[in-house]
Amino acid sequence: MRIWLIGAYGIVSTTAMAGAMAIQKGVAPKTGLVSELPPFNGIERYAPFSFEFGGHEIRTMENAYEAAKEHWELNRHFERDILDSVKDELENIVAERGTALNCGSGIEGLGKISTLEDEGMTLREIADRIIEDIKKFADDETVVINVASTEPLPNFNEEYHGTIDGFERMIDEDRKEFASASMLYAYAALKLKLPYANFTPSAGSSIPALKQLAEENGVPHAGNDGKTGETLVKTTLAPMFAYRNMEVVGWMSYNILGDYDGKVLSARDNKESKVLSKDKVLEKMLGYSPYSITEIQFFPSLVDNKTAFDFIHFRGFLGRLMKFYFIWDAIDAIVASPLILDIARFLLFAKKRGVRGVVKEMAFFFKSPMDTNVINTHEQFEVLKRWFAELS
Ligand code: NAD
């Protein structure tokens, strides 16, 4: 199968590409891949473990190998042999130039960038170019995944975002102030009838106009924002308090990270969407909202080694207050990248089984899953297994 990555030179993208190729060559194990677990035996028939990659980018680099090497030199996040073993394949992946419309001040931290709007293109020209780029690469087994930097919250407009007619009118009227890059990429994918996933908290396909397009074109899509680190632990642990009828009165999450993602997220406008995405989970899961602090700060020397400190204040029998602390100290790209391959496989499976619209059964992979209130990781895993079993 083929995967088109938006943000192809990022650390999650390049680690997913390098990892997939190394596994295909037999030089790396399949640990960390959900789709390889026994309940999903049979996925191979619909989406074999065999990948080709392409994508869009705004950073100007030679190819995916150069990007992967730059990330590797900063992070050393896997054995160097793995990178060397897939050098030729990565060198052949050259991303197309994308758009950064309304991507916020955070992307200034990315260094030298080049975008389609720099050429003075209209919204229609940008959308058409993106569609053309993806079309050249895509076949019947292609999935598009957004792994680009997080955008600020969108400037939601009922007229332009409420229906697909309105959305296309926005493009034709060149109303750039209402479009965001992630919406345009999602539009391109769904227009081409390619399954789409949004691994970021950006708008992507979550606006009503694009949900309508997915339904009308019979395409499955999923998102938003990969659930990989602190939120994964939080949504796995919080149910424990609920099961024992203990009240969570306060939850503080303090995240520090370096790297490009940390740099972009340290910009206030870009951070806002991530904090919201992380914050909502407790309320949805517990049914009430404990006092909560969610903070994300840039800490350069950590690079991709994201560290989260969590403090939970909870009340038990006789109203007694107690405390629980945890520290999550993981390499962000290592926990995120296998999910890119999993999500792509499950979406292709969904397409082949005739699923259209939001695949809410894939909530397991996301912090802010669309169209479902199932946030508890244990329940989400059961839902995913049942869905897969029923459809296959
Ligand atoms: P990164 O900064 O290494 O990669 C992002 C890439 O996207 C960069 O190469 C950047 O140049 C590119 N980019 C930015 N805007 C673009 C645009 N408009 N079009 C095309 N390319 C664009 O970040 P990362 O650590 O790889 O994370 C990628 C995304 O995934 C972020 O939005 C992050 O919040 C999200 N995410 C990551 C994790 C994780 O565990 N790592 C979990 C959930 C979500």
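We're numbering straight along the sequence, starting at 1. As the structure lists them, so they are numbered: ligands from 1, and atoms in each ligand from 1.
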Counting only heavy atoms, which portion of K367 has something under 4.0 Å from ligand 1: side chain, backbone, both, or neither? side chain

Strictly by modelled atom types, are D329 and N305 linked by a side-chain donor-acceptor pair under 3.5 Å? yes

From the candidates I11, D225, I107, the one that places a heavy atom nearest atom 3 (O) of ligand 1: I11

Of the backbone atoms (N, CA, C, O) and the side-chain heavy atoms from C-beta on, which set of T115 has a member under 4.0 Å from an atom of ligand 1: side chain, backbone, both, or neither? neither

Not counting sequence neighbours, which residues clear salt bridge (charged side-chain N to carboxylate O under 4.0 Å, His left out) with D304? List them please. none

Below 3.5 angstrom, do we get any N/O pair linking G10 and ligand 1? yes

Could you list which atoms of ligand 1 come closer than 4.0 Å to a heavy atom of Y9? 9 (O)

Which is it for T150 and ligand 1 at heavy atoms under 4.0 Å: side chain, backbone, both or neither? both

Mind checking whether D304 has an N or O less than 3.5 Å away from an N or O of ligand 1? no

Before signing off on this row, confirm whether S13 and ligand 1 have an N or O atom pair separated by under 3.5 Å. no

Which of the numbered atoms in ligand 1 are below 4.0 angstrom from a heavy atom of L110? 10 (C), 11 (O), 14 (C)

Does any donor atom in the side chain of T200 or N198 lie under 3.5 Å from an acceptor atom in the other side chain? yes

Flag the pair F365 / F346 as yes when their ring centroid distance falls below 6.0 Å, and as no otherwise. yes

So if I count the atoms of ligand 1 from 1 in the order they appear, which ones are less than 4.0 Å from some heavy atom of T99? 17 (C), 18 (N), 19 (N)

For V12 and ligand 1, does the shortest N/O to N/O distance drop below 3.5 Å? yes

With the side chain counted from C-beta on, respond yes when F366 and T231 share a heavy-atom pair under 4.5 Å apart, and no when they do not. no

Rounded to the nearest 0.5 Å, the CZ atom of R386 sits from the CD atom of E379 at a distance of 9.0 Å

Here the atoms of ligand 1 under 4.0 Å from any heavy atom belonging to T228 are 39 (C), 40 (O), 42 (C)

Shortest non-hydrogen pair, T377 vs K227, comes out as OG1-NZ, 3.1 Å

Worked check of side-chain contact (heavy atoms from CB on, under 4.5 Å) between H313 and F324: CA-CA 7 Å; H313 214 188; F324 181 83; over 6 Å; no

Are any of the N or O atoms of E57 closer than 3.5 Å to those of ligand 1? yes

Proximal atoms of ligand 1 relative to V147 (non-hydrogen, under 4.0 Å): 5 (C), 28 (C), 29 (C)

Looking at A181, which atoms of ligand 1 are within less than 4.0 Å of one of its heavy atoms? 18 (N)

Hey, which atoms in ligand 1 end up nearer than 4.0 Å to a heavy atom of G226? 42 (C), 43 (C), 44 (C)

Using a plain distance cutoff, I'd like to know if T200 has any nitrogen or oxygen under 3.5 Å from a nitrogen or oxygen of ligand 1. no

For C103 and ligand 1, answer yes if some heavy atom of the residue is under 4.0 Å from a ligand atom, otherwise no. yes

Any heavy atom of A148 under 4.0 Å from ligand 1? The part involved is both

So, K87 and E89, do they make that salt bridge, N to O below 4.0 Å? no

Does the ring center of Y187 lie less than 6.0 Å from the ring center of F167? yes

Counting from 1 in the order shown, the ligand 1 atoms closer than 4.0 Å to a non-hydrogen atom of A336 are 39 (C), 40 (O), 41 (N)

For ligand 1 and H71, I'd like to know whether there is a polar contact (N/O to N/O, distance under 3.5 Å). no

Please indicate whether any nitrogen or oxygen in A100 is less than 3.5 Å from any nitrogen or oxygen in ligand 1. no

Looking at ligand 1, does G98 have a heavy atom less than 4.0 Å from it? no

Examine K30 relative to F49 and say whether NZ or CZ is less than 6.0 Å from the centre of the six-membered ring and inside a 45° cone about the ring axis. yes

Any pair counted as ring pair (Phe, Tyr, Trp, His ring centres under 6.0 Å), so long as it reaches residues 114-143, sequence neighbours left out: W4-F137

What about F388 and F349, are their ring centers closer than 6.0 Å? yes

Passing candidate, side chain to side chain contact (heavy atoms under 4.5 Å, CB included) with L116, options E125, H56, M121, E96: M121

